[in-house]
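The block underneath contains the structure these notes are about, expressed in structure tokens.
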Number of protein chains: 2
Amino acid sequence: MADALQRGPKFRRRAEARPDEVLDAALALFVEKGFAATRVEDIAARAGLSKGAVYLYFPSKEAILEGLVKRAVRPIADNALGFLENYAGDPRSVIGTVLKMVAGRLADPMLVAIPRLLVREMVNFPELAQMYRREVLDRVIPAVSALIASGVREGYFRPVDPELTLRSVIGPVIAHMLMSELFGIRPAGGLEIERLIDNHLTILFDGLSAPQRERRFMAT
Amino acid sequence: MADALQRGPKFRRRAEARPDEVLDAALALFVEKGFAATRVEDIAARAGLSKGAVYLYFPSKEAILEGLVKRAVRPIADNALGFLENYAGDPRSVIGTVLKMVAGRLADPMLVAIPRLLVREMVNFPELAQMYRREVLDRVIPAVSALIASGVREGYFRPVDPELTLRSVIGPVIAHMLMSELFGIRPAGGLEIERLIDNHLTILFDGLSAPQRERRFMAT
DNA sequence: ATGTAATAACCGACCGGTCAGTCAGTTGCA
DNA sequence: TGCAACTGACTGACCGGTCGGTTATTACAT
């Protein structure tokens, strides 16, 4: 339903806020039902306007999607980068902090919504995916990678390939999000993400093998 | 089509093979353009029939999607489980073997196609996602979890929570697949998956921290 | 082997519903 | 009164699903 408040004027003239309201409504519906299955009229209704009015602010349905991603992309990257670019000391603590922060952010459905939507519609709108990659991934990934590299250089980490190790750092959190978000598969205990990250970091830094057994294993 | 180059009869009578041909065509198109953007007529054309003929084998477009998932679900789970259920000795070798096998399988686009499609259409067809979860995930995940648990019980692993650790085991491979498949982000060197899994297993079993620095648990 | 009837496999024009996008008209405000 | 914000009926295109008609194949008789 529209939370377009009926107090005040019946029409919301002076329409600077309109585009954002439309985007909010569209985001919710796109995530809920997908781009194709969402009608412009539904977006309009949810934003508290008529279909026609939507076309005063956006030239097409696709432009709404575009505006959505554009609006979301900047803050995501900037926020993550602020943490990563100026750290000091043991990179392990930075990794821990950033992982927990990211996980905390990802708990907010509104913030997962964009990547989620993007994954769904990426086939039909490759330009959007490209933009997301350019603006977010191509900035965040090298930053994390550099963090690992400097960890190796400064003797905190074993001499691993940073690009590959990056996947070991973020993979478990991603796996957890996918299982939880998409399929509702959650571990038995509560407060999962905190516990998951603690468990993950323990293994990441100290390994899974029991100390008394022989180390160094390879399966080739 | 010119009847000059007819190999075989113009009509493919004795039509036992038809449904599978339709499913193959549909899978390719659904993955390429999504369910909504794929027209039944396109599926028909690709399978070498007319639209009408498709409806001789499937009552609706949605039934095609359903049939697709049904056909794919069984082999996936059975194959993975065969490996997991009867192992012996050090579970680390089993983990290594299974990870590499899974990664090898995932290199075949045809086999990733179903999960990929499922993730896209899951919002619009929740029953399908449920089915996939029941038939595949709810069988594979407990098996892996049990493998880890027995590794802990038998002293190969440190006392970790199997359910959480599972995510540490498979996460990096998933992260790699996502980055590579969806965004084309690959590490610099070639032959990525082999290298990735080697790097991942090293860290998973022995940890990322450098030995000379302070460690939390390790004695060796 | 050859005609002929019966039938299985298939075709594609068409119908009906849906929905993105348009536009002539209405409403609230200065 | 002027005009910017807004409305909602309308249109045109598109597509899932149907159905009367067509073509290949089989069965059988001659």
Side-chain angles (χ1 to χ4, degrees), chain A residues 1-27 29-30 32-68 121 124-125 128, chain B residues 1-27 29-30 32-68 121 124-125 128:
Chain A
M1 262 326 217
D3 21 359
L5 33 134
Q6 294 298 23
R7 58 200 75 270
K10 183 182 168 194
F11 287 172
R12 296 276 308 278
R13 300 303 174 76
R14 304 284 78 144
E16 285 109 42
R18 283 304 200 196
D20 263 324
E21 291 171 1
V22 173
L23 290 183
D24 289 341
L27 177 56
L29 289 169
F30 286 167
E32 185 184 331
K33 321 183 347 182
F35 179 81
T38 299
R39 293 173 309 172
V40 173
E41 208 166 331
D42 294 339
I43 299 173
R46 193 176 173 121
L49 317 78
S50 73
K51 188 175 163 184
V54 170
Y55 282 91
L56 295 174
Y57 303 107
F58 297 92
S60 71
K61 190 184 175 187
E62 192 177 333
I64 299 176
L65 179 61
E66 236 174 80
L68 210 46
E121 307 300 342
N124 303 98
F125 307 99
L128 286 188
Chain B
M1 300 205 202
D3 18 346
L5 44 86
Q6 293 294 352
R7 55 195 77 262
K10 184 180 169 196
F11 283 179
R12 297 277 309 278
R13 299 311 174 69
R14 303 285 76 144
E16 286 106 45
R18 282 304 202 198
D20 263 322
E21 290 171 1
V22 172
L23 290 184
D24 289 340
L27 177 56
L29 289 170
F30 287 167
E32 184 184 331
K33 320 182 348 179
F35 179 81
T38 299
R39 292 174 306 169
V40 173
E41 209 166 331
D42 294 340
I43 299 174
R46 194 179 172 116
L49 310 80
S50 73
K51 188 175 161 183
V54 169
Y55 283 91
L56 296 173
Y57 302 107
F58 296 92
S60 71
K61 190 185 178 189
E62 191 176 334
I64 299 176
L65 179 61
E66 234 174 81
L68 211 44
E121 307 300 343
N124 303 95
F125 307 98
L128 286 188

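It should be emphasised that the depicted structure is a prediction, and the values quoted were computed from it without experimental measurement. By convention in this document, chain letters (A, B, ...) are assigned in the order of the sequence lines, proteins followed by strands, and residues within each chain are numbered from 1.
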Closest heavy-atom pair and its distance - B/Leu68, B/Ala26: CD2-C, 4.3 Å

B/Ile64 CD1 to D/dC15 P, straight-line distance once rounded to whole Å: 15 Å

Whole angstrom value for the distance that separates C1' of D/dT22 from CG of B/Leu49: 16 Å

All salt bridge (Lys or Arg N to Asp or Glu O under 4.0 Å) counterparts of A/Glu66, not counting sequence neighbours: A/Lys70

All N/O pairs under 3.5 Å across the protein-nucleotides 18-22 of chain C interface:
| unit_1 | atom_1 | unit_2 | atom_2 | d |
| --- | --- | --- | --- | --- |
| C/dC19 | OP2 | A/Arg39 | NH1 | 3.4 |
| C/dA20 | OP1 | A/Thr38 | O | 3.2 |
| C/dA20 | OP1 | A/Lys61 | NZ | 3.1 |
| C/dA20 | OP2 | A/Val40 | N | 3.0 |
| C/dA20 | N7 | A/Lys51 | NZ | 2.7 |
| C/dG21 | OP2 | A/Tyr55 | OH | 2.9 |
| C/dG21 | OP2 | A/Lys61 | N | 2.7 |
| C/dG21 | N7 | A/Lys51 | NZ | 2.9 |
| C/dG21 | O6 | A/Lys51 | NZ | 2.5 |

A/Thr38 OG1 to A/Leu27 CG distance, which is reported to the nearest 0.5 Å: 10.5 Å

Rounded interatomic separation in angstrom, taking CG from B/Leu56 and C1' from C/dT7: 14 Å

Rounded distance in Å - CZ (B/Arg18) to C1' (C/dC10): 9 Å

Listed once per pair and sorted, the ring-ring contact (aromatic ring centres under 6.0 Å, His included) pairs that draw on residues 36-55 of chain A, sequence neighbours left out: none

Just list the side-chain donor-acceptor pairs under 3.5 Å for residues 42-52 of chain B, sequence neighbours left out, or say none.
| unit_1 | atom_1 | unit_2 | atom_2 | d |
| --- | --- | --- | --- | --- |
| B/Asp42 | OD1 | B/Arg39 | NH2 | 2.8 |
| B/Asp42 | OD2 | B/Lys33 | NZ | 3.4 |
| B/Asp42 | OD2 | B/Arg39 | NE | 3.3 |

Parallel, tilted or perpendicular: ring planes of A/Phe35 versus A/Phe125, cut at 30 and 60 degrees: perpendicular

